[in-house]
Amino acid sequence: MKKSKLFLTLGLTLLLSLVLVACGGGSDSKSDDKKGSDSGKASGEQVLNLTESALIPSADSTKADDQVGLNVVNQTNEGLYALNKDGIPAIAGAAEEPKISDDKTVYTIKLREDAKWSNGDPVTANDYVYSWRRAVDPNTAATYSYLFAAIKNGEDIVAGKKKPEELGIKAVDDYTLEVTLSKPTAYINSLFAFPTFFPLNEKFVTEKGEKYAQNSDNMLFNGPFELKDWTGTNKKWTYVKNDSYWDKDKVKLKQINVQVVQDSGTGLNLYNTDKVDRTVLSADYAAQNKNNKDYVTVNDSSTFYIKFNQKRNGKDTVFANKNIRKAIALAIDKQSYTDTVLKNGSKPANNLVPEGFTFDPGNKEDYTKESGPHLEYDVKEAQKAWKAGLKELGVSEITVEFTSDDTENARKSSEFIQDQLQKNLDGLTVKLKNVPFKVRLQNDQNQDYDFSMSGWGPDYQDPSTFLDLFVTDGAQNRMSYSNKDYDKILNDASVTYAADEQKRWDEMVKAEQILLTDDVAVQPLYQRSTAYLQKDYIKNLQKNPFGPDYTYKETYLTK
C-alpha cells in the first residue's frame, strides 16, 4: 500500500518533496513539544484549514491509490480496524477482537451494530463482502487488488482464474464476518485498516453506477467526516462532521477546508495571512523559516527512488542494460541532493526499505542495518559501468527522458539529477518532463516513460510492503523488471515460511541485495522528511506510520 502498494506520490507533504503515489507514514520530529500534542480542551471555532498538493484522482475506496485520494477516504470512511495514535491497528468497524482458528487462517469477526452509513443504513457484513469482491474483480482494475493475495483465492481471482464469489470472505449473519486467509499473515490487521478493505453499501454503489464517487454528491460515508463541495475536478473541497458516525463524540472538528496549493510561496502567503493553518515548505522556505516558532518537521517512512523502465511501447529501452542502470544509479550525489535541494531534514537512502521502520523479530536490529547499504555514490564506478554499457549497446551517446512531478521542488530535483548525470557521464543527454501528478500516475500505469522519480510509503509495517513492489508482473512493477530468484525469495517468505517469523525475515533481508546491488532495478535516493509551518492551536493531528498520511478524527483546535 507491491503486495500492498501504490506508486507513491504523497499529497500534502509533497509540495516539498514530490508527490508519492501511494502511501505514507512518519512522525512529527517535534512531537514532544506543543506541536500537535494533546494539551487541553477544544475551544473556539472548530474549523481547520489545510492544503493539498494535488487534485483528488479518485475518492473511490476500491480505486484510490495515491496519497491524496487515500487521505480523503481515510477521513470519510472506516474499515474493520483503524490506526490509533501509536500507529497500531485497533478495532473500529469491528466490535471486538476476532476469534482466530488454531492454524491462524480463519478469522470470525463481530461487527459493531451501531455503525451506520451517512444515509442511515446500517453497516453490515455484506458491505464488506461486496467491497472485497469488487476490489478483486479483474473488471474493476483496482490497483491494490494484489493485497487480497492474503485472502483465500484472492490471487487467483485477480488473475482471472476464479470468480470473485470464491474469495475467502462470507457474511455469517448481518453482523458477523468470516474471513479465511490464504496463509497465516502477520500483518493482516494492517490490511484490515487499509482503505481498499473498507466496506461499501452495495445498493448505493449499484444505483449510482458510473457516477459513483465521481463527486461528493454521489458518495456515501461511514467514517468521522463527510466529503462536501467536491465536483470531481475542483481544487477545493470540505470535510464536515458526520453526525451518523458511531463514534461522533470523539470528533471535535466541525469542518475541514482543503485547497490545492502547488507553489510553496503561495502556501506561505496563505499561512501568514491566516487563510490556512498548516502549510508545507519548499527547500528555500524551509531554510528561511527554521527559527520560526511554528516550524515543524515530519519524519517519514517513505522512500523516494528512481525507476528504470526496461520496456516502453513494447520495445526495450536503454535501461534494459544493467550497466546503464548502474552508471546512472552511482552517478548521483545523494548527500548533496538532500543538503542543497531538499534542505528539509530528508536523508540519503541506500536502501529501499526505510530506516527505523521495521526490525528483526529476534535481535530487533533495523532492516537497513542487516541488509547493508546499496548503490552509494561512486563516480569512478559509474563511469566504468557507463563505458561498458555504451559498448554493449554499440553507441557512443544516449538521450533519455526523466519524468517527475510539476511542483516547485520536483522541478528543482529534476534539474539537479539532470546536472549530475550529464556532468558525470559523457555522452548522456537527459531531457526533463515535469507533469501534473495525475498525468505522471497515468504515464506510470501505462509504462510510458524512460526513467522517473517515484516513491513509496508503506501500507503495513513489514519489509514486503516495499519489496513486493518489484516482483515479476506485479501491479506496481510497471518497468518490466523480472528476476526469478527475487520472486522465489519473496514467495518463500510469503508462503513457505509464513508461520516461521525469523526465517521469513531472513529471506526478506536477502531480497534487497538482489534488487539493488545485483540488478540495480531501482535507485533509492532519499528517505523523506517534510517541513511545515503549523499553528500551535492544532492538537492531536495524527500522523500515521503507514497507509494514509493523516487521521483527523480526534484533532481539535484551542484558539
*Asks:* Does Lys311 have any salt bridge (charged side-chain N to carboxylate O under 4.0 Å, His left out) partners at least two apart in sequence or in another chain, and if so, which?
*Replies:*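 Partners of Lys311 by the salt bridge (charged side-chain N to carboxylate O under 4.0 Å, His left out) criterion, ordered by chain and then number, come out as Asp316.
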*Asks:* Donor-acceptor check, side chain of Glu52 to backbone of Val68, threshold 3.5 angstrom: yes or no?
*Replies:*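 Here the side-chain-to-backbone pair does not exist.
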*Asks:* Checking Phe402 against Phe451 for the ring-ring contact (aromatic ring centres under 6.0 Å, His included) test, could you report, in this order, the C-alpha distance in whole Å, the side-chain angles of both residues, the deciding distance, and whether it holds?
*Replies:* CA-CA 5 Å; Phe402 182 70; Phe451 70 133; 4.8 Å; yes
*Asks:* Write down the atom of Ala90, the atom of Asn84, and the distance for their closest heavy-atom approach.
*Replies:*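 Nearest heavy atoms, Ala90 then Asn84: CB-ND2, 4.3 Å.
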*Asks:* Looking at every heavy atom in both Gly69 and Ala64, which two are closest together, and how far apart are they?
*Replies:*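 Shortest heavy-atom separation between Gly69 and Ala64 comes out as C-CB, 4.0 Å.
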*Asks:* NZ of Lys433 to OG of Ser414: how many Å apart, nearest 0.5 Å?
*Replies:*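 Result: 12.5 Å between the selected atoms.
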*Asks:* Which heavy atom of Arg478 sits nearest a heavy atom of Tyr449, and at what distance?
*Replies:*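 Scanning both residues, the minimum pair turns out to be O-OH, 2.8 Å.
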*Asks:* From Leu352 CG over to Phe466 CZ, what is the distance, rounded to the nearest 0.5 angstrom?
*Replies:*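 Between atom CG of Leu352 and atom CZ of Phe466 there are 6.5 Å.
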*Asks:* How far apart are the closest heavy atoms of Lys183 and Ala149, and which atoms are they?
*Replies:*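 Minimum heavy-atom contact is NZ-O, 4.1 Å.
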*Asks:* Which atoms form the tightest heavy-atom contact between Ile332 and Leu525, and what is the distance?
*Replies:*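 Reported closest heavy-atom pair: CG2-CD2, 4.2 Å.
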*Asks:* Step by step, work out the salt bridge (Lys or Arg N to Asp or Glu O under 4.0 Å) result for Asp378 and Lys326.
*Replies:* CA-CA 10 Å; Asp378 190 328; Lys326 182 177 180 180; over 6 Å; no
*Asks:* Can you check whether Thr180 reaches Ile169 side chain to side chain, under 4.5 Å on heavy atoms?
*Replies:*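 A side-chain contact under 4.5 Å is absent here.
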*Asks:* Taking only residues two or more places apart in sequence or in another chain, which ones pass side chain to side chain donor-acceptor pair (under 3.5 Å) with Thr517?
*Replies:*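 Checked Thr517 against side chain to side chain donor-acceptor pair (under 3.5 Å); matches are His374.
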*Asks:* I'd like to know if the side chain of Glu401 and the backbone of Ser452 have a donor-acceptor N/O pair within less than 3.5 Å.
*Replies:*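 Not a single qualifying donor-acceptor pair exists.
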*Asks:* For Ala331, enumerate each residue passing the side-chain contact (heavy atoms from CB on, under 4.5 Å) test, keeping only those at least two apart in sequence or located in another chain.
*Replies:*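 Ala331 satisfies side-chain contact (heavy atoms from CB on, under 4.5 Å) with Ala382, Leu421, Asn424, Leu425 once adjacent residues are dropped.
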*Asks:* Do Phe308 and Ile328 make a side-chain contact, defined as non-hydrogen atoms from C-beta onward lying under 4.5 Å apart?
*Replies:*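 Sidechains of Ile328 and Phe308: in contact.
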*Asks:* For Thr407 and Ala410, indicate whether the former's side chain and the latter's backbone hold a donor-acceptor pair under 3.5 Å.
*Replies:*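 Yes; at least one donor-acceptor contact below 3.5 Å.
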*Asks:* Could you tell me which residues satisfy salt bridge (charged side-chain N to carboxylate O under 4.0 Å, His left out) with Asp448, sequence neighbours excluded, listed by chain and number?
*Replies:*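 So Asp448 forms a salt bridge (charged side-chain N to carboxylate O under 4.0 Å, His left out) with Arg312.
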*Asks:* Start with the C-alpha gap between Asp444 and Lys307, add the side-chain angles, then the distance that decides, and say whether salt bridge (Lys or Arg N to Asp or Glu O under 4.0 Å) holds.
*Replies:* CA-CA 10 Å; Asp444 183 80; Lys307 291 181 67 172; 2.8 Å; yes
*Asks:* Check whether any side-chain heavy atom of Thr429 lies under 4.5 Å from a side-chain heavy atom of Val400, and answer yes or no.
*Replies:*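 A side-chain contact under 4.5 Å is absent here.
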*Asks:* For the backbone of Leu490 and the side chain of Ser494, can you confirm whether one donor and one acceptor N or O come within less than 3.5 Å of each other?
*Replies:*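 Not confirmed, Ser494 side chain does not pair with Leu490 backbone.
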*Asks:* Is there a side-chain contact between Thr297 and Asn344 in this structure, where contact means two heavy atoms from C-beta onward sitting under 4.5 Å apart?
*Replies:*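 The answer is no, as the side chains (C-beta and beyond) never meet within the 4.5 Å cut-off.
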*Asks:* Output yes when a side-chain donor or acceptor of Asn323 lies under 3.5 Å from a complementary backbone atom of Lys387, and no otherwise.
*Replies:*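 Not at all, since once roles are kept as given, no pair shorter than 3.5 Å links the two residues.
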*Asks:* Pair Phe148, Phe197 - check ring-ring contact (aromatic ring centres under 6.0 Å, His included), show working.
*Replies:* CA-CA 9 Å; Phe148 287 85; Phe197 288 77; 4.1 Å; yes
*Asks:* Not counting sequence neighbours, list each pair that qualifies as a side-chain hydrogen bond (donor to acceptor under 3.5 Å, both in side chains) and has a residue in residues 351-368.
*Replies:*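 Matches after skipping sequence neighbours: Lys347-Glu355, Asn351-Glu512, Asp360-Gln502, Asp360-Trp505, Asn363-Glu370, Asp366-Thr368.
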*Asks:* Can you list the residues that meet the salt bridge (charged side-chain N to carboxylate O under 4.0 Å, His left out) rule with Lys488, with sequence neighbours excluded?
*Replies:*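 Salt bridge (charged side-chain N to carboxylate O under 4.0 Å, His left out) check on Lys488 returns Asp492.
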*Asks:* Does a side chain donor of either Glu155 or Ser182 reach within less than 3.5 Å of an acceptor in the other side chain?
*Replies:*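 No, no side-chain donor-acceptor pair sits under 3.5 Å.
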*Asks:* Are Phe194 and Phe546 close enough, and set up right, to give a ring-ring contact (aromatic ring centres under 6.0 Å, His included), and what steps lead you there?
*Replies:* CA-CA 9 Å; Phe194 193 75; Phe546 58 90; 8.8 Å; no
*Asks:* So which of Val318, Asn321, Val430 actually passes side-chain contact (heavy atoms from CB on, under 4.5 Å) with Ile398?
*Replies:*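 Result: among Val318, Asn321, Val430, Val318 is the only option passing the side-chain contact (heavy atoms from CB on, under 4.5 Å) with Ile398.
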*Asks:* By side chain to side chain donor-acceptor pair (under 3.5 Å), which residues pair with Asn153, not counting sequence neighbours?
*Replies:*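 Scan of Asn153 (side chain to side chain donor-acceptor pair (under 3.5 Å), adjacent residues dropped) gives Lys162.
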*Asks:* Any donor-acceptor pair under 3.5 Å linking the side-chain atoms of Asn409 with those of Ser282?
*Replies:*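 Ser282 vs Asn409: no donor-acceptor pair found between side chains.
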*Asks:* Would you say the side chain of Asn299 lies within less than 4.5 Å of the side chain of Gln527, judging by non-hydrogen atoms?
*Replies:*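 They are not in side-chain contact.
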*Asks:* Say you draw a straight line from CD1 of Ile306 to OG of Ser454; how long is it, rounded to the nearest 0.5 Å?
*Replies:*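 It comes to 10.5 Å.
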*Asks:* Would you please name every residue forming a side-chain contact (heavy atoms from CB on, under 4.5 Å) with Pro164, sequence neighbours left out?
*Replies:*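 Pro164 satisfies side-chain contact (heavy atoms from CB on, under 4.5 Å) with Arg133, Val136, Asp137, Ile157 once adjacent residues are dropped.
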*Asks:* For residues Val179 and Val106, determine if any side-chain heavy atom of one lies less than 4.5 Å from a side-chain heavy atom of the other.
*Replies:*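 Heavy-atom side-chain distance check fails, nothing below 4.5 Å.
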*Asks:* Can you list the residues that meet the salt bridge (charged side-chain N to carboxylate O under 4.0 Å, His left out) rule with Lys343, with sequence neighbours excluded?
*Replies:*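 Per chain and number, Lys343 pairs via salt bridge (charged side-chain N to carboxylate O under 4.0 Å, His left out) with Asp284.
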*Asks:* Would you say the side chain of Tyr481 lies within less than 4.5 Å of the side chain of Asn483, judging by non-hydrogen atoms?
*Replies:*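 Of all side-chain heavy-atom pairs linking Tyr481 with Asn483, at least one is under 4.5 Å.
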*Asks:* Pair Lys510, Glu507 - check salt bridge (Lys or Arg N to Asp or Glu O under 4.0 Å), show working.
*Replies:* CA-CA 5 Å; Lys510 297 176 185 177; Glu507 289 298 296; 2.9 Å; yes
*Asks:* Between atom CG of Asp300 and atom OG of Ser346, what is the distance when rounded to the nearest 0.5 Å?
*Replies:*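 Asp300 atom CG to Ser346 atom OG measures 8.0 Å (nearest 0.5 Å).
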*Asks:* Test salt bridge (Lys or Arg N to Asp or Glu O under 4.0 Å) on Glu415 and Arg411 and set out the steps.
*Replies:* CA-CA 6 Å; Glu415 290 167 1; Arg411 290 180 184 278; over 6 Å; no
*Asks:* Give me the atom names and distance for the closest heavy-atom approach of Thr62 to Leu200.
*Replies:*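 Here Thr62 and Leu200 meet closest at OG1-CD1, 3.4 Å.
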*Asks:* Using a 3.5 Å distance criterion without hydrogens, assess whether the side chain of Lys334 forms a donor-acceptor pair with backbone atoms of Ala349.
*Replies:*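 Flag set: sc Lys334 to bb Ala349 pair under 3.5 Å.
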*Asks:* Only one of Asp406, Asp405, Asp66 forms a salt bridge (Lys or Arg N to Asp or Glu O under 4.0 Å) with Arg440, so which one is it?
*Replies:*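 The passing option is Asp405.
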*Asks:* Could you pull out all residues at least two apart from Asp103 that satisfy side-chain contact (heavy atoms from CB on, under 4.5 Å)?
*Replies:*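 side-chain contact (heavy atoms from CB on, under 4.5 Å) list for Asp103, sorted by chain: Ser101, Thr105.
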*Asks:* Using side-chain contact (heavy atoms from CB on, under 4.5 Å) as the criterion, list what pairs up with Thr551, not counting sequence neighbours.
*Replies:*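 Checked Thr551 against side-chain contact (heavy atoms from CB on, under 4.5 Å); matches are Asn74, Gln542, Asn544, Lys553.
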*Asks:* For Tyr497, enumerate each residue passing the ring-ring contact (aromatic ring centres under 6.0 Å, His included) test, keeping only those at least two apart in sequence or located in another chain.
*Replies:*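 Tyr497 satisfies ring-ring contact (aromatic ring centres under 6.0 Å, His included) with no other residue.
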*Asks:* Mind running ring-ring contact (aromatic ring centres under 6.0 Å, His included) on Tyr337 and Tyr526 for me, showing each step along the way?
*Replies:* CA-CA 9 Å; Tyr337 172 56; Tyr526 67 98; 5.6 Å; yes
*Asks:* Is the shortest heavy-atom distance from the side chain of Gln513 to the side chain of Ser371 under 4.5 Å?
*Replies:*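 No, every pair of side-chain atoms sits at 4.5 Å or beyond.
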